[in-house]
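Working notes, beginning with the structure itself.
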Number of protein chains: 2
Amino acid sequence: MLSIGALSRATGVKVPTIRYYEDIGLIAPAARNAGNQRRYDQAGLDRLGFIKHARDLGFGLEEIGELMGLNGELGADCHAADQIARAQLDRVRARITRLRRLEAELERITHLCEGGAGGTCQVLTALGDHSQCLGDHN
Amino acid sequence: MLSIGALSRATGVKVPTIRYYEDIGLIAPAARNAGNQRRYDQAGLDRLGFIKHARDLGFGLEEIGELMGLNGELGADCHAADQIARAQLDRVRARITRLRRLEAELERITHLCEGGAGGTCQVLTALGDHSQCLGDHN
DNA sequence: CCTAGATGCTCTAGTCACTAGAGGTTCAAG
DNA sequence: CTTGAACCTCTAGTGACTAGAGCATCTAGG
């Protein structure tokens with residue numbers, strides 16, 4: 001039986017975050033000992049580990065709740081889980097695309113400073129004026 | 001003189017967002033007409049345009065406040081602005097790196113479903129168990 | 001000049017996923 | 001039995017907005 005601190009160290013999820021997950025119903029209320037402190041078993045450890053890993057992969061808490069709900073039943077579950085994972089993959093790819101455009105634009109802007117004498121700062125001008133940009137960055 | 005709605009259409013920043021920027025002090029309180037409605041001139045339009053563009057480039061509101069503060073004085077400003085822009089570039093690059101690791105991992109996971117017969121869902125198992133991952137994804 | 005409907009105003013509360021702090025209780029080691 | 005770490009609940013704050021209630025004002029058509 002683990003205390004909340006031990007569970008935190010075992011999973012890498014901070015103590016207040018564990019309590020927060022309980023508050024919002026993502027994990028079931030933990031069993032309590034005589035002094036009203038939370039105690040966790042292996043199943044609790046596994047569930048929090050699942051949540052941690054899914055969070056690291058960028059899933060939102062609501063999606064994680066869905067994924068854990070699926071885990072109960074079997075059958076078409078795998079397909080549903082796969083769809084949620086694919087949706088997440090699409091989101092990740094879209095964000096990568098967008099960030100690469102930003103990278104290109106920021107690269108251009110940060111090179112403006114070098115020759116920058118004269119009165120006005122080219123960096124600030126570039127930040128203020130989208131029409132100077134090479135491409136769209138949504 | 002633009003109304004807040006006209007300013008919103010001109011810049012692409014939503015009306016409540018403009019009021020929010022005023023609330024937090026990012027833009028100065030707008031002049032009001034006889035009926036207490038906000039009116040904006042060219043300078044207000046320019047400032048909001050600057051904010052919009054910098055937001056699109058991923059800068060936080062606090063950084064944008066700094067950048068606009070710099071715009072007043074001249075001299076070493078350009079260097080300071082350049083540093084803020086470079087810091088943002090570094091952040092963007094770090095996020096790209098991280099997202100690419102996630103992309104690889106999610107790609108792997110979403111390919112598990114194909115042969116997936118048997119009792120347990122491979123996708124859910126992979127989500128729950130970091131030790132199956134090929135690399136680190138922070 | 002009047003009216004209808006769009007637009008504006010303030011204020012409060014909600015979003016997401018936590019994080020911080022106050023003020024008090026319980027546990028574990030010596 | 002004492003001490004200090006860990007635990008408890010509760011409230012409030014973060015960033016960058018978004019939504020809604022309930023009212024006032026503006027503008028174009030008749």
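A note on names: the letters A, B, ... follow the listed sequences, proteins ahead of strands, and every chain is numbered from 1.
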B/Asp23 has an atom CG; how far is it from atom C1' of D/dT18, in whole Å? 13 Å
In whole angstroms, how far is the P atom of C/dT26 from the CZ atom of A/Arg39? 13 Å
Between B/Leu61 and B/Ala34, which residue's closest nucleotide on DNA chain D lies nearer the 5′ terminus? B/Leu61
Is there a side-chain polar atom (N or O) of A/Arg38 under 4.0 Å from OP1 or OP2 of D/dC8? yes
Spacing between B/Met1 atom CE and D/dT25 atom C1', to the nearest angstrom: 18 Å
Starting from C1' on D/dA12, measure out to OH on A/Tyr20 and report it in whole angstrom. 15 Å
Salt-bridge criterion met for A/Glu107 and B/Arg93 (N-O under 4.0 Å): yes
With a non-hydrogen cut-off below 4.0 angstrom, is B/Ile24 in contact with a base, only sugar-phosphate, or nothing? nothing
Please tell me if B/Arg19 has a side-chain N or O lying less than 4.0 Å from either OP1 or OP2 of C/dC9. yes
If only side-chain N and O atoms count, and only distance matters, is there a donor-acceptor pair under 3.5 Å linking A/Arg91 with A/Gln88? yes
Regarding the side chain of B/Gln37, the nearest nucleotide among D/dT18, D/dT25, D/dG15 is D/dT25
Can you check whether A/Arg32 has a side-chain N or O nearer than 4.0 Å to OP1 or OP2 of D/dT9? yes
Give one of base, sugar-phosphate or nothing for B/Arg55, where a contact means two heavy atoms less than 4.0 Å apart. sugar-phosphate
Rounded off to whole Å, could you give me the CD1-to-P distance for the A/Ile27 and C/dC18 pair? 12 Å
Rounded to whole angstrom units, what separation is found between the CZ atom of B/Arg91 and the P atom of D/dG15? 13 Å
Taking only the side-chain heavy atoms of B/Asn36 (C-beta and beyond), determine which of C/dC9, D/dT9, C/dC27 contains the nearest atom. C/dC9
Any Lys/Arg nitrogen of A/Lys52 or A/Asp56 sitting under 4.0 Å from an Asp/Glu carboxylate oxygen of the other? yes
Assign each of A/Lys14 and B/Ala6 to its nearest nucleotide of DNA chain C by heavy atoms, then name whichever residue's nucleotide is nearer the 5' end. B/Ala6
Using only side-chain N and O atoms of B/Thr17, determine if any of them is under 4.0 Å from OP1 or OP2 of D/dA16. no
Identify whether the distance between the nearest side-chain nitrogen and carboxylate oxygen of B/Arg98 and B/Glu103 falls below 4.0 Å. no
Rounded to the nearest angstrom, tell me the gap between atom OH in B/Tyr21 and atom C1' in D/dC17. 8 Å
Please determine if B/Asp82 and B/Arg86 form a salt bridge, counting it only when a charged side-chain N lies under 4.0 Å from a carboxylate O. yes
Nucleotide D/dG15, atom C1' - distance to CD of B/Glu63 in whole Å: 13 Å
Take B/Arg9 and B/Glu22, find for each the nucleotide of DNA chain C with the closest heavy atom, and name the residue whose nucleotide sits nearer the 5' end. B/Arg9
May I ask you to evaluate whether B/Ser3 reaches the phosphate of C/dG8, defined as a side-chain N or O under 4.0 Å from OP1 or OP2? yes
